[in-house]
Amino acid sequence: MAMPLRQSIRVGTYLLEQKLRKREKFPLIVELEPLYACNLACEGCGKIQHPAGVLKQRMPVAQAVGAVLESGAPMVSIAGGEPLMHPQIHEIVRQLVARRKYVFLCTNAMLLRKKIEKFTPSPYFAFAVHIDGLRERHDESVAKEGVFDEAVAAIKEAKKRGFRVTTNSTFFNTDTPQTIIEVLNYLNDDLQVDEMMISPAYAYEKAPDQEHFLGVEQTRELFRKAFAGGNRRRWRLNHSPLFLDFLEGKADFSCTAWAIPNYSLFGWQRPCYLMSDGYVPTYRELINDTDWDKYGRGKDPRCANCMAHCGYEPTAVLATMGSLKESLRAARETIAGNRDKSA
């Protein structure tokens, strides 16, 4: 796990505080969606399927920051839509960073070089660029040529200016262990991004493409083979060791979607950003009035093939905190990852 040491300590302290306060449900990271509009039409995304009137809306800065503060989460992932299309996105980031929230701005990077002057490098901030494969594969997934090259140029420019840059890659049943190895090798070794996040594609009900999502056994076989030969240890993956075990089928967990709540233009979304069973205006209502026990694989048929990080990474993190052996394992990998980055 390549999470910066300062961030690891902050998150570990936060988790310990929740345990000491005997809180059963609490947020680890908030998925903040201040708009749904996007400048691309990716096949695996359903966010831009909203009516034109909704796509024109932009969440006010105070509302966005207030939702994060209401939850108390130490980390924020700003998504959408394309966040860089929000005219005040830099101000949302600035105010969250000022409150020492760790902010990841998820972007397809098409506007990044144009908007980068509005942002300031900080250990609390990172651009999270979406990369689903090398040039041909990535451009196919976003249905537009030239996007991969622009994303690569933007990553290089951001790193040159001193920004932390992470990536997020979603893999489908059209991927093979070799395609995963190729893109992660490129991101890790050639572009040298700070950390990489990976996720198996989940059958998101509003996504235009419903044919290329992975099943559970497909996911396990795919990542088991991709991680072979020491790749998993070598890559700077921004995941807990137990979540990577989960992807390989070495461990299994229940879903804890409540730990990565979603806040959007409609409010707090039940139960997660991939499924919509209604919205509530406050975080407390989301936690207290949602029947969390009815979601997850083996409970809700919509969750049958889901192994997404939004449901299972928090479970892995909590399992790590509950085991001295796994805590030491995670600490060793964090220290090793930070040592490699500084070498």
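All heavy atoms count here, side chains included; hydrogens, waters and symmetry mates do not.
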Contacts of T179 that satisfy side chain to side chain donor-acceptor pair (under 3.5 Å) - sequence neighbours left out: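 T179: side chain to side chain donor-acceptor pair (under 3.5 Å) contacts with D175.
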
By side chain to side chain donor-acceptor pair (under 3.5 Å), which residues pair with R10, not counting sequence neighbours?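 Checked R10 against side chain to side chain donor-acceptor pair (under 3.5 Å); zero matches.
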
With side-chain contact (heavy atoms from CB on, under 4.5 Å) as the test, pick out the partner of L184 among I198, D189, T167.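 Looking at I198, D189, T167, the match for L184 under the side-chain contact (heavy atoms from CB on, under 4.5 Å) is I198.
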
Can you find a heavy atom in the side chain of [X] that is under 4.5 Å from one in the side chain of [Y]?
X: N305; Y: Q218; value: no
X: V280; Y: R270; value: yes
X: M307; Y: V216; value: yes
X: V93; Y: V76; value: no
X: Y283; Y: V30; value: no
X: I180; Y: F223; value: yes
X: I78; Y: I92; value: yes
X: C303; Y: M275; value: yes

Is a donor on one side and an acceptor on the other found under 3.5 Å between the side chain of [X] and the backbone of [Y]?
X: T320; Y: E326; result: no
X: H138; Y: V147; result: no
X: D149; Y: G146; result: no
X: R58; Y: L55; result: yes
X: N262; Y: C272; result: no
X: K294; Y: D300; result: no
X: K159; Y: Q192; result: yes
X: T256; Y: A259; result: no
X: W292; Y: I287; result: yes
X: R224; Y: K250; result: no

Is it true that [X] and [Y] make a salt bridge, defined as a side-chain N closer than 4.0 Å to a carboxylate O?
X: E117; Y: R161; value: yes
X: R23; Y: E17; value: no
X: R232; Y: D245; value: yes

For residues [X] and [Y], report the shortest heavy-atom separation together with the two atoms involved.
X: P200; Y: T170; value: C-CG2, 4.3 Å
X: L187; Y: S169; value: CD1-OG, 4.0 Å
X: S240; Y: A316; value: OG-CB, 3.4 Å
X: A226; Y: P177; value: N-CB, 3.9 Å
X: L265; Y: L35; value: CD1-CA, 4.1 Å
X: A79; Y: E31; value: CB-OE1, 4.3 Å

One pair to check against side-chain contact (heavy atoms from CB on, under 4.5 Å): R137 and E182. What are the steps and the verdict? CA-CA 11 Å; R137 174 71 187 90; E182 288 172 356; over 6 Å; no

With rounding to the nearest 0.5 angstrom, report the CG to CH2 distance, N288 to W258.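 Output value for this atom pair is 13.0 Å.
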
Are L242 and R329 close enough, and set up right, to give a side-chain contact (heavy atoms from CB on, under 4.5 Å), and what steps lead you there? CA-CA 10 Å; L242 276 180; R329 177 189 178 198; 4.0 Å; yes

Less than 6.0 Å separating the ring centroids of F163 and F119?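 Centroid distance F163-F119: not below 6.0 Å, so no.
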
Carefully, step by step, assess Y263 and E70 under the rule side-chain contact (heavy atoms from CB on, under 4.5 Å). CA-CA 11 Å; Y263 185 78; E70 177 193 3; 5.5 Å; no

Would you say the side-chain atoms of N39 and E82 include a donor-acceptor pair closer than 3.5 Å?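 There is no such pair between these side chains.
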
Trace of the salt bridge (Lys or Arg N to Asp or Glu O under 4.0 Å) decision for E195 with R164: CA-CA 9 Å; E195 297 116 27; R164 284 182 61 209; 2.8 Å; yes

Assess the residue pair F246 and H239 against the criterion (ring-ring contact (aromatic ring centres under 6.0 Å, His included)); give the C-alpha distance rounded to whole Å, side-chain angles, the decisive distance to 0.1 Å, and a yes or no. CA-CA 11 Å; F246 170 73; H239 294 288; over 10 Å; no

Where at least one partner belongs to residues 119-128, residue pairs that pass side-chain hydrogen bond (donor to acceptor under 3.5 Å, both in side chains), sequence neighbours excluded: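 Every candidate side-chain hydrogen bond (donor to acceptor under 3.5 Å, both in side chains) pair involving residues 119-128 fails, so no pair, neighbours aside, qualifies.
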
Yes or no on side-chain contact (heavy atoms from CB on, under 4.5 Å) for F266 and Y36, after CA distance, side-chain angles and deciding distance? CA-CA 11 Å; F266 299 134; Y36 287 132; 3.6 Å; yes

Assess R297 against Y312: is NZ or CZ under 6.0 Å from the centre of the six-membered ring, and within 45 degrees of the ring's axis?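 Judged by the rule (NZ or CZ under 6.0 Å from the ring centre, within 45° of its axis), R297 counts as positioned above Y312.
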
